[in-house]
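Note that the structure is predicted; figures quoted are calculated from it, not measured.
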Amino acid sequence: MISTRAWADARRLWDFQQMGHEPRPCSVAIGLGSHDLGVADTTVDLYRRGMMPLIVFTGATSRTTRERMPRGEAEHYRERAIELGVPVDAILVEPRARNTGENILFSRALIEDRGVPVSSVLLVSKPYEERRAYATARKLWPDVEWVSASTSMTLSEYVDSIQDARLVFDMLVGAQQRLMLYPRQGFMIEQAIPDDVAAAFERLHSDGFTSRHVQAGPAGA
């Protein structure tokens, strides 16, 4: 059972992750692979709205996706997008990335290899990782404009869709930890952390929502 106070703290982290960007037409979209096919669905919705002519889905597998997405996160996203009507030639797949930093670097290399001119990127992530993804992208590809996007929903709605509250809480706490740790290691731009968000993180950490924590010397963001 997760306490009412823990839910309130998780909502603080959830709200802080939201960048509040208004989607607008960009040169390309990058959909960050994960356990959540909702990222692919949201990317498709943005494509249908004319927000970009080209999609890059990026991601290998992780401990949370190797069973449900055995062909790789990006490939499963691609299959989902085609199922929803996106033309095959509007999708590129980057199948090697295993963290957010690699998502950005490998996607950039793929886009540049294809000769696609890019001035802006629509960055589609899970709702609780918007700020983390944005901070990483700004650090690793600073000469383009980044617009963050995710599925519009509340924390409670997201937990209902995933059917695993502890996993979502662990992911939220892990994303917040990275925002606090990674700028010092050169993986992200610095983000100002409000006091109430830092306090909520500490309480959730003390409650044991720590399965997605990283050590002080990770390989990437």
Side-chain angles (χ1 to χ4, degrees), residues 14 17-62 65 68-138 140-154 157-158 161-162 171 175:
W14 176 275
Q17 280 285 340
Q18 308 299 301
M19 295 299 297
H21 293 171
E22 186 68 28
R24 65 169 185 79
C26 291
S27 307
V28 64
I30 296 177
L32 301 180
S34 73
H35 61 87
D36 183 3
L37 273 176
V39 175
D41 293 350
T42 296
T43 306
V44 170
D45 178 65
L46 292 165
Y47 177 84
R48 287 172 173 166
R49 292 164 57 189
M51 295 295 171
M52 67 289 195
L54 181 67
I55 297 167
V56 178
F57 288 129
T58 169
T61 58
S62 69
T65 63
R68 70 182 76 182
M69 297 181 179
R71 293 181 299 285
E73 297 157 5
E75 180 58 31
H76 281 266
Y77 278 21
R78 184 189 75 87
E79 292 169 0
R80 176 67 168 174
I82 292 171
E83 177 186 324
L84 294 174
V86 177
V88 173
D89 59 5
I91 305 170
L92 298 178
V93 168
E94 186 295 296
R96 298 182 298 121
R98 297 187 180 278
N99 57 57
T100 309
E102 290 184 351
N103 287 142
I104 302 304
L105 292 173
F106 295 171
S107 294
R108 177 180 183 176
L110 177 61
I111 291 166
E112 291 178 344
D113 183 63
R114 296 300 179 95
V116 178
V118 175
S119 61
S120 56
V121 181
L122 194 55
L123 186 62
V124 189
S125 67
K126 300 183 293 296
Y128 60 81
E129 289 194 336
E130 268 197 33
R131 187 174 294 274
R132 170 192 171 186
Y134 175 80
T136 304
R138 283 279 311 279
L140 298 179
W141 196 355
D143 53 344
V144 301
E145 183 176 357
W146 292 93
V147 180
S148 295
S150 65
T151 306
S152 179
M153 59 200 316
T154 66
E157 289 170 340
Y158 191 79
S161 73
I162 299 298
M171 293 284 196

Qualifying ring-ring contact (aromatic ring centres under 6.0 Å, His included) pairs, either residue in residues 25-54, two or more places apart: none
Set of residues satisfying side-chain contact (heavy atoms from CB on, under 4.5 Å) with respect to Arg98, sequence neighbours excluded: Ala60, Thr61, Glu102
Donor-acceptor contact below 3.5 Å, side chain Glu130 vs main chain Met19: yes
side-chain contact (heavy atoms from CB on, under 4.5 Å) partners for Leu84, two or more places apart: Asp41, Val44, Arg48, Arg80
Partner set under ring pair (Phe, Tyr, Trp, His ring centres under 6.0 Å) for Phe106, not counting sequence neighbours: none
Asn103/Ile30 under side chain to side chain contact (heavy atoms under 4.5 Å, CB included): CA gap, chis, key distance, verdict: CA-CA 9 Å; Asn103 287 142; Ile30 296 177; 5.6 Å; no
Candidate pair Leu92 and Phe57, rule side chain to side chain contact (heavy atoms under 4.5 Å, CB included), full reasoning: CA-CA 6 Å; Leu92 298 178; Phe57 288 129; over 6 Å; no
Partners passing salt bridge (Lys or Arg N to Asp or Glu O under 4.0 Å) against Arg131 (at least two apart in sequence or in another chain): none
Contacts of type side-chain hydrogen bond (donor to acceptor under 3.5 Å, both in side chains), residue Trp146, not counting sequence neighbours: none
Ala109: side-chain contact (heavy atoms from CB on, under 4.5 Å) partners, not counting sequence neighbours: none
His21 and Tyr134 aromatic ring geometry - parallel, tilted or perpendicular at 30°/60° bounds: perpendicular
Residues in salt bridge (Lys or Arg N to Asp or Glu O under 4.0 Å) contact with Glu145, at least two apart in sequence or another chain: Arg24
Side-chain atoms of residues 117-127: list all donor-acceptor pairs with protein atoms under 3.5 Å, sequence neighbours left out, distances to 0.1 Å.
from	atom 1	to	atom 2	distance (Å)
Ser119	OG	Ser27	OG	3.4
Ser120	OG	Ser27	N	3.2
Lys126	NZ	Glu129	OE1	3.0

Spacing of Tyr158 atom OH and Asp36 atom CG [to the nearest 0.5 Å]: 3.5 Å
side-chain contact (heavy atoms from CB on, under 4.5 Å) against Glu79, all qualifying residues, sequence neighbours excluded: Arg71, Glu75, His76
All side-chain hydrogen bond (donor to acceptor under 3.5 Å, both in side chains) counterparts of Asp89, not counting sequence neighbours: none
Residue pairs involving residues 110-125 (criterion salt bridge (charged side-chain N to carboxylate O under 4.0 Å, His left out); sequence neighbours excluded): Arg108-Glu112
